[in-house]
Structure formats: structure tokens, C-alpha cells
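None of the values given here were measured: they were computed from a predicted structure.
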Amino acid sequence: MTATVTNPEVDKSAAGGTSRGTGGARRRLPRIPDRIRQGGLPYLLLLPAVLLELLIHIVPMIIGIVMSFRQLTQFFINNWGAAPWTGLDNYRIAVDFDAPIGEALLHSFFVTCVFTFFSVGFAWLLGTAAAILLQESFRGRGILRAIFLVPYALPVYAAVITWAFMFQRDNGLINHVLHDQLGITDEPSFWLIGDNSIYTLIIVSVWKGWPFAFLMLMAGLQNIPRELYEAASIDGAGIWQQIRKITLPSLRPVNQVLVLVLFLWTFNDFNTPYVLFGKSAPESADLISIHIYQSSFVTWNFGTGSAMSVLLLLFLLVVTAVYLILTSRGRKGADV
């Protein structure tokens, strides 16, 4: 009678891709197609989003960059590929601040900077104040939260059109209150033309933007432990000291993202001035988005308009990179 000696390695290979686990249990190794199917499923799910991103953003952006190097006018609309190649001439025209086109673009850039500064600043201030006031529980807090979020939930065009009617000179609500009821102004003011148009633009932009700041900051306040406020109150800290020493430092990560998002949204805002003023905005409210639109679709100089768009893109990329570098350094310094 002979004993049979088995080789574990031979048994493992002969088992068709099985191996021994702990406790003698046998586990089937996944086949190569199964591994590919499991590993590729996340990418397959992302494929529709990637395709839409390419079609909606990436491809038009590349086409716009190519257009900025061509003398694309109304004569080449049917076949823009036949437009003459001009190299950097469109960029030279856009940044020649001694010429009318460059001077107008520079003025529009400064107007946009002023508009963005006040719009983002007031939106952040109102959002912070509202979030802090609604941090404590009281009767009707849920209703106030819902009311505060109405401007953010409304469609942009419907909201701005309503504001445009309110700012009408002869039959608008604003002049009716300021002039007819309160008597603050000597005569009805022009809000949609002239120098007052920049104030109208800032008011509407702040009204649209501050609920988003309120929503973000209200979510950030939920992560601050209540024990910090209780300990500070026991130590004799007042409400302003608690806000300055606890609330604002704790909201710093939220504010860093919030300010950047509000800046990018506001600096690129096209819907608000377009609905308020139409295709031709007043000089005091000539935002760079409307200015680029006029340079492209009103004067039919798509090459120069595309060059302005690329310059705007580069400016926003540089500002975003510098902002992220500075805030990351500040965050590291605070952690140390």
C-alpha cells in the first residue's frame, strides 16, 4: 500500500485559479475580465458627465481660443475657418490702452472690479449677519430661513426682470417710495441709465448673491461646538468678542471657498446687466462681460471679442492661483 504525496502548488494551479485562505477555505480568484469590469465601472458612470463637459465647456473654449487668432468678422460667418490668420494682432488691439478699443476695455475692467468688490463684500456681510442671527433657536426661525433663500431659488431672469420694473423712472416702485411717499428725492431718478445704473447693478447683484453666502455660512456654523460659546460666556466674553474670537476664525475655511466662488460668479456675471440694460449697458455699468458681448455680436468682430475673452480667462486663472496660494499659506500658518 503506497502513500500519495500531494504538492500544494500543483493543487493550487490545478484548481483553476483557487487559493487557500485562512481556516482552509478556498477562495475563487477574480478573472481578468471581472477585474476590468469592476475597475472600469466608476469611469463608465463618469463618461456622460465628461462628454457633456467636453461639449459644453472644453470644445467651445478651444474654438474661442482659435478664433482669437483669426480676423473673424461678419464676412466669414458662414465659413469662419477661412478667416485670415492674424496671430497676436487681436490681443495687441485689446491691450492697446491708448486706442479707443483698448481704452474702452480698460474702463470696463475697472468698472467690473468696483462692481465685484462692493457686490461680493455686501453679499458676504449680509450672509454672515443673517447666519449668525439665525444660529440660535427661536420661534419662526425656519420660516425666516425659507424667506431668506427665496432670492437664491428664483430663476435669474424672472428676478432681474422684476427689479427692472421696480427701477423704472415713471412707474417704478423705487421712485414711488423715495419720491412720492418719503420725499427723499426732488424728482424721480433715472436708475437704468446714467450714473445711477452702477448702484442698481450692485443692489440687484447683492440681492441675488447674499442668500448663497447665508446658506454656506449657516452650514459652517453648525460645525462649531456650542461648548466654545458657553465657555466664552462664562469667562465674560460678550457677543462681539465671541464673534471675533470664535465664529469668524472657525468659519475661515468656509469663507476662503465662499469668497472665491462669489468673486468668480460676480466678475463673470452676464445675465444681470443684460436683463437690466439690454445689449448696450450705460458707461457707468459697462461690465466686461457685456463689453465682450458688444465687441463680438454688436460690432461683428468675433476675433477681437474672443481675444478679450481669453484675456479675461487668463486674468481669472491668475487671480484664482494667487488667492489659493495665499490662503493655503495662511491656513498652514494658522495650523502651526
Side-chain angles (χ1 to χ4, degrees), residues 49 53 57 112-138 140-156 159 202-235 237-269 271-272 313 315-336:
E53 182 70 18
H57 291 104
T112 308
C113 290
V114 173
F115 161 73
T116 303
F117 175 79
F118 285 103
S119 179
V120 173
F122 283 122
W124 177 85
L125 186 63
L126 289 176
T128 303
I132 293 175
L133 289 175
L134 295 184
Q135 186 179 11
E136 300 292 338
S137 298
F138 58 89
R141 184 177 68 165
I143 298 177
L144 283 179
R145 285 180 174 179
I147 293 174
F148 286 170
L149 292 177
V150 167
Y152 185 67
L154 284 176
V156 176
I202 292 174
I203 291 172
V204 177
S205 178
V206 171
W207 183 84
K208 291 194 309 91
W210 82 267
F212 176 75
F214 163 70
L215 184 64
M216 295 288 291
L217 293 170
M218 186 174 59
L221 288 173
Q222 306 304 316
N223 296 323
I224 303 177
R226 299 301 305 168
E227 292 79 6
L228 294 178
Y229 294 101
E230 295 174 359
S233 179
I234 294 175
D235 292 339
I239 182 64
W240 294 111
Q241 290 178 326
Q242 294 179 20
I243 293 174
R244 187 165 57 91
K245 298 294 185 179
I246 299 176
T247 304
L248 293 181
S250 300
L251 290 176
R252 183 177 300 170
V254 179
N255 282 324
Q256 289 174 350
V257 178
L258 175 62
V259 171
L260 179 60
V261 172
L262 288 177
F263 167 78
L264 294 176
W265 283 357
T266 306
F267 208 94
N268 278 320
D269 190 10
N271 295 327
T272 303
L313 173 63
F315 169 76
L316 294 178
L317 288 177
V318 170
V319 172
T320 302
V322 172
Y323 178 84
L324 293 176
I325 292 173
L326 293 178
T327 53
S328 62
R329 288 180 180 178
R331 191 184 306 115
K332 291 179 181 179
D335 294 339
V336 174

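Nearest heavy-atom pair, A232 versus I246, reported as atom, atom and distance to 0.1 Å: CB-CD1, 3.7 Å. Contact detail for S137 and R141: the closest heavy-atom pair is OG-NH2, 3.5 Å. When all heavy atoms are compared, the tightest approach of P151 to W207 is CB-O, 3.3 Å. Across every non-hydrogen atom of A123 and A213, the tightest pair is O-CB, 3.7 Å. Annotation for Q135 and L221: closest pair NE2-O, 4.0 Å, computed over non-hydrogen atoms. The two residues K245 and P249 come nearest to each other via the heavy atoms O-CG, 3.4 Å.
Every pair passing salt bridge (Lys or Arg N to Asp or Glu O under 4.0 Å) that includes a residue from residues 122-137 is listed here, sequence neighbours excluded: E136-R226.
Ring geometry, Y152 versus F212: the interplanar angle falls from 30° to 60°, so the pair is classed tilted. Between F263 and F267, the ring planes are tilted. Angles from 30° to 60° get that label.
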Q | Pair T266-S205, side-chain contact (heavy atoms from CB on, under 4.5 Å): steps then yes or no | A | CA-CA 8 Å; T266 306; S205 178; 4.1 Å; yes
Q: With side-chain contact (heavy atoms from CB on, under 4.5 Å) as the test, would you mind laying out the steps for L125 and W210 before giving the verdict?
A: CA-CA 8 Å; L125 186 63; W210 82 267; over 6 Å; no
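Within the 4.5 Å cutoff, no side-chain heavy atoms of I132 are placed close to those of L217. The shortest distance between side-chain heavy atoms of F214 and L149 falls below 4.5 Å. Looking only at side-chain heavy atoms (C-beta outward), V261 and M216 stay at 4.5 Å or farther from each other.
Other residues, nucleotides and ligands contribute only 12 or fewer heavy atoms inside 6.0 Å of the CD1 atom of I143. Shown here is Y229, whose OH atom has more than 12 heavy atoms of other residues, nucleotides or ligands within 6.0 Å.
In this structure, CD1 on I202 lies 10.5 Å from CZ on F117, to the nearest 0.5 angstrom.
Listed by chain and number, the residues in a side-chain contact (heavy atoms from CB on, under 4.5 Å) with Y323 are Q256, V259, L260, T327 (sequence neighbours excluded).
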